[in-house]
Amino acid sequence: MRLVTRGDLDGLTCAVLITSCEEIEEIDLVHPQDITQKRIHIGDDDILANLPYDRGCGKWFDHHQLTQVGDPPPDRFEGRYGLSPSAARVVFEYYMCQHPEIRRYARLLAETDRFDSAQLDLDDVLDPREYVLLGFTLDPRTGLRGFREYFFQLLEAFKAGKSIEEILALPEVKERVLVMRAADEQFRQLTRERSRIDGNVVITDFRGLPTPPVGNRFIVYTLFPQANISLRIHGGPTSEQVAVAVGRSIFNRTSRTNVGQLMAGFGGGGHKGAGTCLLLATTANDEIDFMVEQMKKDG
Ligand SMILES: [Mn+2]
């Protein structure tokens with residue numbers, strides 16, 4: 001079978017668990033909109049994890065809000081869906097009785113829950129350690145490239161039973177941590193320069209930079225504690241597209257915006273607390289203004 005998932009920490013933990021319970025010959029890392037926009041063919045030999053439902057799939061595991069975009073899941077399907085802190089938790093609950101040996105990943109799973117649902121404190125953002133640090137090196141939103149090979153290296157390391165200390169000592173991991181730390185001060189500076197406050201919203205515009213800046217996506221909330229929600233704009237996968245990432249502050253938790261729902265209105269998706277969408281560059285500004293107005297109205 002093939003596993004189709006996304007290249008973040010939750011996708012990695014899904015891959016660790018599913019490859020322990022199923023015969024997986026191939027793993028593909030895709031973006032959720034590759035599924036909803038049918039850019040890849042999904043058949044009954046495919047397991048989808050941490051991604052929207054596709055009616056062709058053999059099994060499906062997810063924890064994101066259901067959106068109007070893409071195939072609606074039927075009442076009965078193979079796999080499991082639930083509003084859980086991580087998709088990996090949903091996978092774990094599905095396989096645990098048949099495969100009690102996956103309990104050995106309990107710590108990885110608990111930390112994936114915490115990371116994927118952004119239950120982080122100030123120290124996790126300013127001085128990340130262990131699984132949180134590893135999660136930031138894998139986060140596609142952090143802007144580091146070449147994550148495919150990196151994802152498979154980490155998968156192999158966890159399957160081989162390596163500890164988090166051993167994994168953080170791998171040269172590829174150390175290198176990414178160094179790149180992240182080196183870029184950190186510059187990222188703060190750029191975030192300060194390119195952000196503006198509009199009511200309760202902090203808007204950061206990274207469009208027009210030669211490369212997407214590398215940095216921790218929660219830093220913005222430490223720099224603008226008065227904002228309860230952020231909207232970040234950067235270049236999309238093609239020059240005709242603009243990517244938007246919206247998130248509620250993890251420190252000032254007063255925003256009432258349902259981000260996943262708001263993003264679904266623009267072809268994207270996510271959770272109550274965070275989500276993304278891709279816009280056409282030609283109409284992006286008007287759509288972004290609309291989103292900001294909605295977030296201000298929600299309070
Ligand atoms: Mn997830």
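Here, residue 1 is the first one in the sequence, and each next residue gets the next number. Numbering of ligands and ligand atoms starts at 1, following listing order.
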Charged N to carboxylate O below 4.0 Å: is that the case for Asp46 and Arg2? yes

Report yes if the distance between the aromatic ring centroids of Tyr105 and Phe158 is under 6.0 Å, otherwise no. no

Indicate yes or no: does Arg129 engage Asp127 in a salt bridge with an N to O separation below 4.0 Å. yes

Which residues share a salt bridge (Lys or Arg N to Asp or Glu O under 4.0 Å) with Asp71, sequence neighbours left out: Lys38, Arg55

Contacts table for residues 20-27: side-chain donor-acceptor under 3.5 angstrom, sequence neighbours left out:
unit_1	atom_1	unit_2	atom_2	d
Ser20	OG	Val16	O	2.6
Glu22	OE2	Lys59	NZ	2.7
Glu22	OE2	Tyr95	OH	2.5
Glu25	OE1	Met1	N	2.8
Glu25	OE2	Met1	N	3.4

Sort by chain and number the protein N/O/S atoms found under 2.8 Å from the Mn ion (ligand 1). Asp10 OD2, Asn50 OD1, His63 NE2, Asp116 OD2

Other than Val201, what residues sit in its cluster of Ile, Leu, Val, Met, Phe, Trp and Tyr side chains whose heavy atoms are under 4.5 Å apart, directly or through others? Ile203, Ile229, Leu231, Ile233, Val242, Val244, Val246, Val259, Leu262, Met263, Phe266, Leu279, Ile288, Phe290, Met291, Val292, Met295

